[in-house]
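Not measured: the values here are computed from a predicted model.
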Number of protein chains: 2
Amino acid sequence: MDSPQYRPLYSQVYEALVRRIADGEWQPGQALPSEQALAMQLGVSQGTVRKALDALALDKVIDRRQGKGTYVAELTQERSLFRFFRLTRPDGQRAVPTSGDESIKRRHARSSEAKALELPEGVDVFEIIRTRFVDERPVAIERIILPEAYFPGLDQHSPLPNALYALYQREYRINIVSANEKLRADVARRDDVKRLSVELGAPLLQVERVALAVDGRRVEWRLSRCDTSTLSYDVTFT
Amino acid sequence: MDSPQYRPLYSQVYEALVRRIADGEWQPGQALPSEQALAMQLGVSQGTVRKALDALALDKVIDRRQGKGTYVAELTQERSLFRFFRLTRPDGQRAVPTSGDESIKRRHARSSEAKALELPEGVDVFEIIRTRFVDERPVAIERIILPEAYFPGLDQHSPLPNALYALYQREYRINIVSANEKLRADVARRDDVKRLSVELGAPLLQVERVALAVDGRRVEWRLSRCDTSTLSYDVTFT
DNA sequence: GAGTGGTCTAGACCACGCA
DNA sequence: GCGTGGTCTAGACCACTCT
C-alpha cells in the first residue's frame, strides 16, 4: 500500500538500454539501432522508445543527431572535462587541465570515506593524489578515493589519463552522470604550499565531490583544493 | 539560407503561455486551464500543449500535479531559497537565511556592472547591500545590482522581503529561471570583518551571480561573500 | 531518394485527488 | 465517479544527412 509497484514502460526501456550500453553491446561513439528497430526489438511503440531515448540524452548517456542517428556518448577528454572540470578563465573559456605529480596506492577506506561512498567500513580503496595544471601553472590538488571492487586493477593503468571519467567508462563501463559537490573556502596549509605555488594562508577553494554512476551508485569521492586567483569556478543553476 | 526560420509549434505555445503568465492572466498558485482546454483554445493538439507544459515544468515556471491540475509556480520563500540559496548544514539540510543591516540606493551603473547585465553604460540601477543570517549568526554579505528600468520604485518596498525572487515575480512579473555563478576563494577584508564575525584574513567564499529571467534577460547581478566555516555551498551537476 | 530523428495529431487507457 | 495529468500507441508529415 505504500511502495508504488508501478513502473512506466519507458522507464523500463531506459534501464534496459543503460544495461546494454554498460555491458558494451554498443561502444561509445557507435550508433544505436534506429527508434523503429529498437521498438520492434523490444515490443513497444516507437513513441515509448523515443521517450526513453530522450531521457538518456538528458542524462548525457547518448547523443541524438537529427538525420543521422543515436550514438553512445563519448566521454572524451573535451566532453568530460568541460562537464566536470569547472575552472574557467576570466574571459569565460573553460580551462583544460593536465596532470602531474601523480601517485596511486591501495589501502583501507577511512570511515569518513566509506560513509561518503556508502560502503562498509574498511573496504579496499584506491587513493589517487595528483596536481592539476592549467597553462603549465599548478591550480589544484586532487585526492580521489575509488572503491577497489568497482575498479579492479586500476593501479595497472598508471600513468592515469588526464580524463579519469573516460577511463571509468572505457575500462570499467562506469558512466558518471552526476555529481554532488560541497564547496568551502579555506586557507593554504603546508601541503598545499608544496604543490601549488601559493603562500601559506592564501585562500583556496575546497571542493568535495561525490560522483554518481548512471545506475545511482556512488562511485568516486574526490577532494580538490583550488587556487582561484586566476581562474574562477563556474556553475549554472536552472 | 542560414537562419533557420523554423519554430516548432510547441515552442511557440511555450512562449505564448510564458507571456500570458507574465502578464498576470494566471497568478502564482492558480491553476491553468486543463491540457484539453488549452489545446482547444490555441487550436493545437493536446499532445503539443503537453510538450510545452513539460518544458515549462522543467524550467520551474509551473507545477504539474497528477489528478489535480497545472499550477503557476509560486516562488515562495521556501522554493526560491531552497533553489538559489545554497548554504547547507553539515547534515545536508539546506539553511534558510534571514536578512539584516539592509540598505538600498539608486545610482548609475559602473561599467563592470553594466557589462555583466548587458546594459548601456551609466544607466540607473538599484544597489542593495545586506547581511544574511542563519541561526542568528551572520554568514554572508550580499551586494545586489538591479536595473532601475526593470524594477521601477523598488526602493518603496523597503524593508525588502527575505526572498527577493518572490518579490520580483509578484510585483514585477519577472520569473528567475536560471543563474550563472563564478566562485572564488578570498580572504576577509575590513568591510567583511565588520559585518561577518570573522577575523581579518579568514577565508571567504565569493559568489558572483548573474540571474536570468525566463525570457533570457539578465535581470540581477549579485556578489555574495560567505563564511563557510560552519556551512558548505552545495551544488549538483548532471 | 532513402533513412534518420523531430514534430504533430488523435485516441485509448491508467493513476491520482477529490467530492 | 469524475476530471486531471501520465502513459502508450499508431500513423502522418517535416527537417536533416548522406549517397
Side-chain angles (χ1 to χ4, degrees), chain A residues 1-18 20-21 25-74, chain B residues 1-18 20-21 25-74:
Chain A
M1 201 63 85
D2 47 19
S3 70
Q5 206 78 334
Y6 166 72
R7 290 285 309 299
L9 234 196
Y10 71 85
S11 128
Q12 298 174 40
V13 171
Y14 177 105
E15 298 221 331
L17 293 175
V18 162
R20 291 169 70 178
I21 291 172
E25 181 169 341
W26 306 293
Q27 298 292 319
Q30 282 187 352
L32 267 61
S34 73
E35 296 180 352
Q36 286 291 359
L38 283 173
M40 293 247 289
Q41 202 179 97
L42 298 167
V44 300
S45 81
Q46 183 246 7
T48 300
V49 170
R50 170 178 293 273
K51 193 155 184 184
L53 291 175
D54 284 345
L56 284 166
L58 259 187
D59 284 344
K60 302 212 171 61
V61 177
I62 59 173
D63 275 336
R64 320 198 68 189
R65 301 177 210 158
Q66 184 172 162
K68 295 196 66 178
T70 302
Y71 297 80
V72 178
E74 297 189 80
Chain B
M1 203 65 84
D2 47 17
S3 71
Q5 207 78 335
Y6 167 71
R7 291 285 310 299
L9 234 196
Y10 70 85
S11 128
Q12 299 173 40
V13 171
Y14 177 104
E15 298 220 332
L17 293 175
V18 162
R20 290 168 73 179
I21 292 172
E25 181 168 340
W26 305 291
Q27 299 291 319
Q30 283 187 349
L32 267 62
S34 73
E35 296 180 352
Q36 286 292 358
L38 283 173
M40 293 247 290
Q41 202 180 99
L42 298 167
V44 300
S45 81
Q46 184 247 6
T48 301
V49 169
R50 169 179 294 274
K51 195 155 181 183
L53 291 176
D54 283 345
L56 284 165
L58 259 188
D59 284 344
K60 301 210 171 62
V61 177
I62 58 173
D63 274 337
R64 319 198 69 190
R65 300 178 211 156
Q66 182 172 159
K68 295 197 67 179
T70 302
Y71 297 79
V72 179
E74 297 189 81

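By the side-chain hydrogen bond (donor to acceptor under 3.5 Å, both in side chains) test, B:Thr70 pairs with no residue at all, sequence neighbours left out. With sequence neighbours excluded, the residues satisfying side-chain contact (heavy atoms from CB on, under 4.5 Å) with A:Arg20 are A:Glu25, A:Trp26, A:Gln41, A:Leu42. B:Tyr14 meets the side-chain hydrogen bond (donor to acceptor under 3.5 Å, both in side chains) test with B:Asp59; sequence neighbours excluded. Looking at residues two or more places apart in sequence or on another chain, you find a side-chain hydrogen bond (donor to acceptor under 3.5 Å, both in side chains) between B:Arg64 and B:Glu35, B:Asp54.
Look at CD on A:Gln12: it is 19 Å from P on D:dG6, rounded to the nearest Å. Atom pair B:Leu58:CG and D:dG5:P shows a separation of 17 Å (rounding to whole Å applied). Taking atom OH of A:Tyr10 as the reference point, atom P of D:dG6 lies 9 Å away to the nearest angstrom.
Checking the phosphate oxygens (OP1, OP2) of C:dT4, no side-chain nitrogen or oxygen of A:Arg65 falls inside 4.0 Å. The side chain of A:Thr70 contributes an N or O atom lying less than 4.0 Å from OP1 or OP2 of C:dG5.
Across D:dT7, C:dC8, C:dG5, the shortest atom-to-atom separation from the side chain of B:Leu9 is found for C:dC8.
Taking CG from A:Leu38 and CZ from A:Arg50, the interatomic distance works out to 12.0 Å, rounded to the nearest 0.5 Å.
Contact check of residues 26-57 of chain A against DNA chain C (heavy atom, cut-off under 4.0 Å) returns A:Ser34, A:Glu35, A:Arg50.
In this structure, A:Ala73 and A:Lys60 approach most closely via the heavy-atom pair CB-O, 3.3 Å. Residues A:Leu53 and A:Ile62 approach most closely at O-CD1, 3.4 Å, considering heavy atoms. Heavy atoms only, all atoms of each residue included: A:Ala52 and A:Val13 are closest at CB-CG1, 3.6 Å.
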Just the table, please: protein N/O against nucleotides 17-19 of chain D N/O, every pair under 3.5 Å.
| unit_1 | atom_1 | unit_2 | atom_2 | d |
| --- | --- | --- | --- | --- |
| D:dC18 | OP1 | A:Lys68 | NZ | 3.3 |

